[in-house]
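Following: one structure in structure tokens, then a few remarks.
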Amino acid sequence: QENGIEVVLASGRVPDSIERYAKEIDSKKFLIAGNGTILKDIQKNEIIYDNFISKEKALKIIKMCEENSVFCNVYTQKTIITKELNYNVQYYYYENSKKDDELRTNINVVNDIYKYVEQINTSPISKINICDENKIIFNSIINKLKKINGITILDIEHMSKKVIKRGSEFIDLQYYYTEITNEKADKWEAIKELARIMKIQKNEIIAIGDNINDEKMINNAGLGIVMGESALSLKNNRNIITKSNNENGVAYAIENYILK
């Protein structure tokens, strides 16, 4: 910030969860949540841009998942709505166990996601995550979901692989997943709106990411930086590759490509 650089966190997480991390790094002005469905002015505590999934579309997605016995969870502005602590939600729950209360991601476990979303006035829905361990079942539900108009299905070909610790036991979490947002919802679209508000040009934007949901912003920013452990599809000739998360890749990128 002393060098006139504004740092903005862009994540698939809910706004409250991102804001807690933003405070840790002294990022006080803006954040992007739900993979670009929300652009929030932190100081004014208001959403200045959004691209939410309508309740009608969300219910179609939830119903299709339930009819095919596929796990899904719903992200709103404030919380993750889920039927059980599994897959990505299990990982967030594990993360919460290591954090102070004010830094935890809100998880709301309900008996029936469809009825909960249908009957209760939840916050607007930013995205829906779908997970399954079986590739055939996962691909089948994706093909069915593609028939729903007006949504974007993140094209992820690899499995998510995470490890959590429960007592003295290490547990592998491996599953196929995708994230569904409203049509054209993307981190880059939110960044473009923020650039308009801040009156900055495309060549003044630097984007750092590690997953397929970062691809558009990395490829379109003035400078795109890819984390070392990222998917191969992100590592094209146009982008700089920094070190991995475990090697403090973001700090390395800032010191070697931004502040120099």
Side-chain angles (χ1 to χ4, degrees), residues 10-18 32-38 50-55 57-96 104-110 112-114 116-118 122-135 137-146 148 150-162 164 172-187 190 209-216 231:
S11 172
R13 293 172 181 256
V14 297
D16 285 356
S17 178
I18 302 170
I32 294 169
N35 283 341
T37 58
I38 298 169
D50 67 71
N51 190 359
F52 294 118
I53 300 176
S54 69
K55 181 181 281 192
K57 288 178 190 173
L59 290 172
K60 279 185 180 180
I61 295 165
I62 295 166
K63 184 177 182 181
M64 194 173 290
C65 289
E66 291 182 345
E67 288 175 346
N68 289 273
S69 300
V70 173
F71 180 81
C72 71
N73 48 91
V74 176
Y75 285 59
T76 71
Q77 291 183 62
K78 299 289 184 182
T79 189
I80 301 172
I81 303 167
T82 184
K83 191 173 181 178
E84 57 187 318
L85 299 175
N86 206 350
Y87 301 119
N88 62 310
V89 186
Q90 185 177 4
Y91 185 75
Y92 280 128
Y93 184 77
Y94 166 71
E95 277 193 328
N96 283 349
R104 293 178 178 176
T105 300
N106 294 319
I107 300 172
N108 186 5
V109 181
V110 300
D112 189 320
I113 295 178
Y114 186 94
Y116 187 88
V117 172
E118 181 184 42
T122 61
S123 299
I125 295 167
S126 57
K127 69 172 185 173
I128 298 174
N129 272 30
I130 294 173
C131 313
D132 201 279
E133 297 170 28
N134 186 297
K135 189 172 185 178
I137 293 173
F138 179 78
N139 288 340
S140 175
I141 190 68
I142 295 301
N143 289 332
K144 291 175 182 178
L145 288 166
K146 285 179 178 177
I148 300 176
I151 62 172
T152 296
I153 302 173
L154 195 64
D155 186 14
I156 302 174
E157 297 180 355
H158 61 278
M159 291 187 84
S160 175
K161 298 180 180 181
K162 297 180 173 69
I164 64 174
D172 289 326
L173 296 179
Q174 297 188 28
Y175 53 90
Y176 296 97
Y177 79 101
T178 191
E179 300 175 349
I180 300 177
T181 56
N182 203 36
E183 192 172 26
K184 296 182 180 179
D186 186 272
K187 291 178 183 179
D210 66 352
N211 207 341
I212 196 69
N213 58 3
D214 301 318
E215 184 172 24
K216 193 174 177 182

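Keep in mind that what you see is a predicted model, and the values were worked out from it rather than measured.
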K57 side chain to N182 side chain, donor-acceptor N/O pair below 3.5 angstrom: yes

With a 4.5 Å limit on heavy-atom distance, are the side chains of I61 and I130 in contact? yes

So do the side chains of I107 and Y93 get within less than 4.5 Å of each other, counting heavy atoms only? yes

Note: E179 and N213 closest approach over all heavy atoms is OE1-ND2, 3.5 Å

Note: Q90 and L85 closest approach over all heavy atoms is CB-O, 3.8 Å

List for me each residue that meets salt bridge (Lys or Arg N to Asp or Glu O under 4.0 Å) alongside E118, sequence neighbours excluded, and say none if there are none. none

Considering residues at least two apart in sequence or located in another chain, which fulfil the side-chain hydrogen bond (donor to acceptor under 3.5 Å, both in side chains) criterion with T105? S17

Suppose we screen for side-chain hydrogen bond (donor to acceptor under 3.5 Å, both in side chains). Which residues come up paired with N108, at least two apart in sequence or across chains? Y116

Are V74 and I113 packed together at the side-chain level, in the sense that at least one heavy-atom pair is separated by less than 4.5 angstrom? yes

D172 meets the side chain to side chain contact (heavy atoms under 4.5 Å, CB included) criterion, sequence neighbours left out, with V163, Q174

List for me each residue that meets side-chain hydrogen bond (donor to acceptor under 3.5 Å, both in side chains) alongside K60, sequence neighbours excluded, and say none if there are none. none

Using only atom types and a distance under 3.5 Å, with no angle test, would you say the side chain of T82 pairs donor to acceptor with the backbone of V109? no

Is T37 close to N35 at the side-chain level, that is, under 4.5 Å between some pair of heavy atoms? no

Check step by step if side-chain contact (heavy atoms from CB on, under 4.5 Å) holds for Y92 and R13. CA-CA 10 Å; Y92 280 128; R13 293 172 181 256; 3.3 Å; yes

Which salt bridge (Lys or Arg N to Asp or Glu O under 4.0 Å) pairs, counting each pair once, include a residue from residues 70-88, with sequence neighbours left out? D16-K78

Report, one line per pair, each donor and acceptor closer than 3.5 Å where one atom sits in a side chain of residues 65-73; sequence neighbours left out.
from	atom 1	to	atom 2	distance (Å)
N68	OD1	K144	NZ	2.6
N68	ND2	M64	O	2.7
N73	OD1	N88	ND2	3.1
N73	ND2	N88	OD1	2.9

Could you list the residues that satisfy ring-ring contact (aromatic ring centres under 6.0 Å, His included) with F52, not counting sequence neighbours? none

Non-neighbouring partners of Y91 that pass side chain to side chain contact (heavy atoms under 4.5 Å, CB included), sequence neighbours left out: Y94, E95, K162, I164, L173

Set of salt bridge (Lys or Arg N to Asp or Glu O under 4.0 Å) partners for D214, sequence neighbours left out: K187

Between L154 and T152, does the side-chain contact (heavy atoms from CB on, under 4.5 Å) criterion hold? Intermediate values first, please. CA-CA 6 Å; L154 195 64; T152 296; over 6 Å; no

Would a 4.5 Å heavy-atom cut-off, applied to side chains only, mark T178 and F138 as touching? yes

Looking only at heavy atoms, what is the nearest atom pair of L145 and I151, with distance? O-CD1, 3.7 Å

When you look at V117 and L59, which way does the side-chain contact (heavy atoms from CB on, under 4.5 Å) test go after all the steps? CA-CA 7 Å; V117 172; L59 290 172; 3.9 Å; yes

What are the two closest non-hydrogen atoms of V14 and Q77, and how far apart are they? CB-O, 3.8 Å

Working to the nearest 0.5 Å, report the span between CD of E133 and OH of Y175. 10.5 Å

With sequence neighbours left out, the residues meeting side-chain hydrogen bond (donor to acceptor under 3.5 Å, both in side chains) with Y177 are N211

On a heavy-atom basis, the closest approach of S126 and T76 is OG-O, 4.1 Å

Does some side-chain heavy atom of D132 sit less than 4.5 Å from a side-chain heavy atom of I141? no

Please report the C-alpha distance between I212 and D155 in whole Å, then the side-chain angles of each, then the deciding distance to 0.1 Å, and finally whether the side-chain contact (heavy atoms from CB on, under 4.5 Å) criterion is met. CA-CA 8 Å; I212 196 69; D155 186 14; 5.6 Å; no

Heavy-atom nearest pair, K127 first then I53, reads CA-CD1, 4.0 Å

